[in-house]
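All heavy atoms count here, side chains included; hydrogens, waters and symmetry mates do not. Every chain is numbered from 1 and lettered A, B, ... according to where its sequence line falls, protein lines coming before strand lines.
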Protein chains: 2
Amino acid sequence: MSQPSEFKALDKSLRKQQVIDAATRVFHQKGYHSATLEDVAAELGLSKAALYHYVSSKEDLLSHIYLQALEAFFASAYEIGRLDLAPPAKLRRFIRHHIQQVIIDNLAMFAVFFAEENQLPEADRRQIRREKAKYTQVVEGILAQGMAQGHFRPSDPRLTAFALIGMCNWVYKWYRPGAKGFDPQVISEHFITLLEQGLLARPEGQAAAGRPRELVQELRRQAQALAAQIAELEKLC
Amino acid sequence: MSQPSEFKALDKSLRKQQVIDAATRVFHQKGYHSATLEDVAAELGLSKAALYHYVSSKEDLLSHIYLQALEAFFASAYEIGRLDLAPPAKLRRFIRHHIQQVIIDNLAMFAVFFAEENQLPEADRRQIRREKAKYTQVVEGILAQGMAQGHFRPSDPRLTAFALIGMCNWVYKWYRPGAKGFDPQVISEHFITLLEQGLLARPEGQAAAGRPRELVQELRRQAQALAAQIAELEKLC
DNA sequence: GTCAAATTACTAACCAGTCGGTAACATCAT
DNA sequence: ATGATGTTACCGACTGGTTAGTAATTTGAC
């Protein structure tokens, strides 16, 4: 019968997942190179040699972590990008998903993902870079669409995407699960509001003046940026 | 005489700095643990043993990098925090300084700083954590002040500080000096405008300025208003 | 009894740090 | 100025500990 062997197979892949998860925790805590396979084995109550039943090398272990991180990235990103929603709503969904389901649900995984890219062989590294670029492009697409439809203030979509993704990814550096601290939902909504509304108080921008001289410089720069945006748009008309 | 010995001392500390800089580059590229002292020595055309004239251990080398990173952090942060400026102007200065003089001027150093904290002994780690908290508090202070004075929309200053710092720190992940890509000044001003104004188009959150033609008109109006503000302020200077 | 899971015991490579030494140069008493 | 004495900057060769990966062997579930 194939039933038992399927059970076996399931068992084995389940165990393999446990090995990967243990490695993720250990690599996160000690760093990929400092961590030994004995550490990983100890985390599971196994001997080092037993790990080689499930993975072929330490590097293979790291590759698996990266593959799963990419899966987490793209689990819903594409669908959100393709949803039939107005860009602001799309963006809100994306941010909530990225902060909560991607980063916070996989803290250790992304700590490793962001830290150990250079330990991978060049071929894998190139793939990772491509996939990251794709992810940025999803955000860029939402932003560009929103600007074209007049929902968002016009600005360079790539630079804005970098800002947004950086703000969200950085969460892995300071968020600690449990107990006191910020709730994932609170973080998401705070970031969404900050991104949409900005910092400045709405009613009047007048009191916001520092020294006139600096303000003039600042306004001039804004004026230049505006002029560039106008020029660019006029080409399209 | 003490003159000659002082010259010597200067020479030695200069060489030591070269060693630290080389280590920063190598640690950045390969990671602290993967990098060997032979790699660092090769970068300088020296033998491994020679390094021990300038530093006492590999870990000591890493400590030096962290100390210098903290210096870079605080070189101007405190002064900016204490300046007699309105909070929005203070914040703009801070962001420009952080992106350009802290992160971009020391890319490799901060790549190491953000990646290798766990390789330091616990005592050093605690100090680093304290200093980072202080740095966040400078930003928090500016934000809280700005909210109290009605310049900024009220919100949790710590969470906003995390967002801001994350957005700016993340630059080290994608900024590549030289050639094509974004200019440090452009990045700073873009982030400042995004943070202050937010993403949403000004007049209404709706599709008020849907078509490019209307958008151009809207931007022209903004430009005129800006020009008027500039003219008015220049009279005061 | 057989096969998968796991173990103990081992090897080969690597690397931080040490040691003994050398060449170049400075210092200074004579 | 000279040569005795010390110092600085460096090197090649080595050591001792560590660790990825392997081989031979045991355990135990069905």
Practice task
Round to a whole Å and report the spacing from NE2 of A:H53 to C1' of C:dC3.
Solution key: 11 Å
Exercise for the section: Quick one: label A:T36 by what it contacts on the DNA or RNA (base, sugar-phosphate, nothing), any heavy atom closer than 4.0 Å. Expected result: sugar-phosphate
Practice task
Please report the C-alpha distance between A:Q127 and A:R130 in whole Å, then the side-chain angles of each, then the deciding distance to 0.1 Å, and finally whether the side-chain hydrogen bond (donor to acceptor under 3.5 Å, both in side chains) criterion is met.
Solution key: CA-CA 5 Å; A:Q127 198 205 333; A:R130 271 200 307 273; 5.6 Å; no
Exercise for the section: May I ask you to verify if any side-chain N or O of A:Y52 is less than 4.0 angstrom from the OP1 or OP2 atom of C:dA5? Expected result: no
Practice task
Give A:A35 one of three labels, base, sugar-phosphate or nothing, depending on what nucleic acid heavy atoms sit under 4.0 Å from its own.
Solution key: sugar-phosphate
Problem - A:L51 CG to C:dA6 P, straight-line distance once rounded to whole Å - result: 10 Å
Practice task
Rounded to the nearest angstrom, tell me the gap between atom CG in B:D39 and atom P in C:dC14.
Solution key: 12 Å
Exercise for the section: Starting from the 5' end of DNA chain D, give me the residue, A:A49 or A:S34, whose nearest nucleotide shows up first. Expected result: A:S34
Exercise for the section: Taking the side chain as every heavy atom from C-beta outward, state whether B:V19 and B:H64 have any pair of such atoms under 4.5 Å apart. Expected result: no
Problem - Euclidean distance, atom NZ of residue B:K58 to atom P of D:dT18 [Å, nearest integer] - result: 15 Å
Practice task
Would you tell me if any nitrogen or oxygen in the side chain of B:R15 comes within less than 4.0 Å of OP1 or OP2 on D:dT8?
Solution key: no
Problem - Whole-Å gap separating C1' (C:dT7) and CG (A:L44) - result: 15 Å
Fill in the blank from the handout: Of D:dG21, C:dG17, D:dC11, the nucleotide closest to the side chain of B:L37 is C:dG17
Practice task
Answer yes if the ring centres of A:F73 and A:F110 are under 6.0 angstrom apart, and no otherwise.
Solution key: yes
Practice task
Using whole Å, report how far CG of A:L14 lies from P of C:dA5.
Solution key: 12 Å
Handout entry: Spacing between A:H33 atom NE2 and D:dT18 atom P, to the nearest angstrom
Key = 16 Å
Practice task
Taking the side chain as every heavy atom from C-beta outward, state whether A:H28 and A:Y172 have any pair of such atoms under 4.5 Å apart.
Solution key: no
Exercise for the section: Spell out yes or no: do the side chain of A:K48 and the base of D:dG21 have one donor N/O and one acceptor N/O closer than 3.5 Å? Expected result: yes
Exercise for the section: Write down the distance between CG (A:L62) and P (D:dG21), rounded to a whole number of angstrom. Expected result: 12 Å
Handout entry: Within the 6.0 Å centroid threshold, strictly below: B:Y135 and B:H98
Key = yes
